[in-house]
Amino acid sequence: MITDSVWGPVQQDMADVLAGHPDDVPAVVDQLTKLQDVLDRVPPLLDSNPLADFNKLYLTITTSVLERLYAGRFADPAFLSRLDVEFAARYFDALRQWSDASAGCPRAWSVLFHRIPGPDARPLPSAAAGVNAHINYDLPFALVTTFDHLGSDPVDDSDQHHDYLQINDIFAESIPGLRRGFLEKWQLIIDTMNGDLDDWWQGGLIEYTRNVAWRNSQKLWCVRHDLPALGRERARLDGTAEAFGKLLMSPMGALLQ
């Protein structure tokens, strides 16, 4: 049962959105769009709740991925499409588990979900905490599931790897506008004085984090049939992402904005 304390008067709307299981990228974009509408109405913070901040960023990036798919920019569109679906599925699964008060909800996501009812959190650290959970925890497993589904391996310098790295370009293109959209007027003044420095280091951090996720997927790939070893890796990744998420949502994390 979805708890009133989490979704309040929009609990049925949230249940309806989470009932969907998208099987292609347009459907992922559609579900993220519907989810944004619901999140913007979750009391008491409404569109200021930290999960709404992350979902807005995620929707923007996924829409850009879809545009590149339509434009034929990827060498292996089947891989990229499947990865996008598997990646989104883990986010939606975490939301379902949180809604059901399930002990199975990843700790990496719980850090952000706990802040939905308040206290208020700054938008940029909130979005960063969601990116942390989704990349550091979800992405390696989404890669493994994708490669297993397609019958190929996570090999460096392959077409799939180069397509994967293209997403770094999407983040680099999107980060300046997204980040400035999270800033208040006085922060925009400081941001202008900093020039491109903030965009550069945050883009570099995303690239580094996604490279680590690729390496972690290769580790998971080697132990995917060894359930105890896979469980240990899952706990390790979840714990690491949880710790970083707590830092991002702490007063120190507010220095991001």
Side-chain angles (χ1 to χ4, degrees), residues 20-32 58-59 61-97 104-109 130-172 205-242 244:
H21 295 268
D23 57 5
D24 58 25
V25 183
V28 171
V29 170
D30 180 66
Q31 189 152 343
L32 288 171
Y58 188 23
L59 174 57
I61 298 298
T62 307
T63 300
S64 295
V65 171
L66 181 59
E67 290 170 353
R68 288 199 177 209
L69 280 168
Y70 283 150
R73 300 278 296 277
F74 297 108
D76 189 346
F79 161 76
L80 215 291
S81 297
R82 173 53 54 178
L83 177 59
D84 194 279
V85 169
E86 295 291 346
F87 193 36
R90 279 151 181 76
Y91 172 47
F92 296 134
D93 283 346
L95 274 169
R96 292 184 193 100
Q97 290 167 329
C105 183
R107 291 173 291 157
W109 278 114
V131 170
N132 161 65
H134 210 22
I135 293 180
N136 285 323
Y137 180 69
D138 290 340
L139 185 52
F141 293 100
L143 281 162
V144 169
T145 305
T146 298
F147 280 112
D148 192 50
H149 176 83
L150 298 176
S152 54
D153 297 353
V155 177
D156 290 352
D157 295 323
S158 61
D159 284 346
Q160 293 80 14
H161 189 209
H162 288 298
D163 283 347
Y164 175 82
L165 294 176
Q166 267 202 63
I167 308 303
N168 296 343
D169 298 335
I170 293 176
F171 270 101
L205 181 61
I206 290 290
E207 181 176 346
Y208 172 79
T209 303
R210 295 188 79 256
N211 286 340
V212 171
W214 177 267
R215 297 299 173 209
N216 281 326
S217 77
Q218 292 175 319
K219 293 179 183 178
L220 292 174
W221 183 256
C222 294
V223 300
R224 66 191 186 281
H225 300 307
D226 184 342
L227 294 184
L230 187 63
R232 288 192 294 271
E233 284 299 303
R234 187 182 301 277
R236 178 182 69 84
L237 293 174
D238 197 12
T240 300
E242 178 193 25
F244 193 43

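Looking at every heavy atom in both residues, Q97 comes nearest to P106 through OE1-CD, 3.3 Å. Between P22 and V85, the shortest heavy-atom distance links the atoms O-CG1, 3.4 Å. A88 and V28 get closest at one heavy-atom pair: CB-CG1, 3.6 Å. When all heavy atoms are compared, the tightest approach of P154 to Q218 is O-NE2, 3.0 Å. Across H21 and Q31, no two heavy atoms sit closer than the pair N-OE1, 4.0 Å. For the pair E86 and T146, the tightest heavy-atom approach, listed with the atom from each and the gap, is CG-OG1, 3.5 Å.
If you take CG on L80 and CZ on F87, they are separated by 11.5 Å, rounding to the nearest 0.5 Å. Atoms CD and SG, on E233 and C222 in that order, are 10.0 Å from each other to the nearest 0.5 Å. I61 CD1 to L66 CG: the interatomic distance, rounded to the nearest 0.5 Å, is 13.0 Å. One finds the CG atom of L139 at 9.5 Å from the CH2 atom of W214 (value rounded to the nearest 0.5 Å). Between atom CD of residue E67 and atom CZ of residue R73 there is a gap of 10.0 Å, rounded to the nearest 0.5 Å. Taking CG of L205 as the reference point, atom OG1 of T209 lies at 4.0 Å (rounded to 0.5 Å).
The shortest side-chain heavy-atom distance between N216 and R236 falls under the 4.5 Å cut-off. Using a 4.5 Å heavy-atom threshold, the side chains of W109 and E242 count as separate. Put simply, the side chain of S217 does not reach to within 4.5 Å of the side chain of Y164, judged on heavy atoms.
The backbone N or O of V155 sits less than 3.5 Å from a side-chain atom of S158, completing a donor-acceptor pair. Judged purely by atom type and a 3.5 angstrom limit, D163 uses its side chain to pair as donor or acceptor with the backbone of A75. The main-chain N or O of R107 is found under 3.5 Å from a side-chain atom of D238 such that the two form a donor-acceptor pair. Proximity of a side-chain donor or acceptor of R82 to a complementary backbone N or O of L143 within less than 3.5 Å is not detected.
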TODO: Would you sort out whether F74 and D159 count as a side chain to side chain contact (heavy atoms under 4.5 Å, CB included), showing the intermediate values?
DONE: CA-CA 8 Å; F74 297 108; D159 284 346; over 6 Å; no
Task: Residue pair L69, S81: steps toward the side chain to side chain contact (heavy atoms under 4.5 Å, CB included) verdict - done: CA-CA 8 Å; L69 280 168; S81 297; 3.6 Å; yes
- [ ] Report the C-alpha separation of F171 and E207 in whole Å, then their side-chain angles, then the decisive distance to 0.1 Å, and conclude whether the side chain to side chain contact (heavy atoms under 4.5 Å, CB included) test is met.
- [x] CA-CA 9 Å; F171 270 101; E207 181 176 346; over 6 Å; no
Open item on the list: Run the side chain to side chain contact (heavy atoms under 4.5 Å, CB included) test on L237 and L220 for me, step by step, so that the C-alpha distance in whole Å, both residues' side-chain angles and the decisive distance to 0.1 Å come before the verdict.
Closed with: CA-CA 11 Å; L237 293 174; L220 292 174; 4.1 Å; yes
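Salt-bridge annotation for D93 and R90: absent, with no side-chain N of the basic residue lying under 4.0 Å from a carboxylate O of the acidic one. By the 4.0 Å N-to-carboxylate-O rule, D156 lies close enough to R215 to be salt-bridged with it.
One side chain, D76 or Q160, offers a donor N or O that lies under 3.5 Å from an acceptor on the other. Counting only N and O atoms by type, the side chains of R68 and Q166 include a donor and acceptor under 3.5 Å apart.
For N132, the side chain to side chain donor-acceptor pair (under 3.5 Å) partners at least two apart in sequence or on another chain are N136. Under the ring pair (Phe, Tyr, Trp, His ring centres under 6.0 Å) criterion, F79 pairs with F147, sequence neighbours left out. For D148, the side chain to side chain donor-acceptor pair (under 3.5 Å) criterion is met by no residue, not counting sequence neighbours.
Tested against Y208, the residues N211, I206, V212 include a single side-chain contact (heavy atoms from CB on, under 4.5 Å) partner, V212.
Ring planes of Y58 and Y91: perpendicular class, angle over 60° (limits at 30 and 60°).
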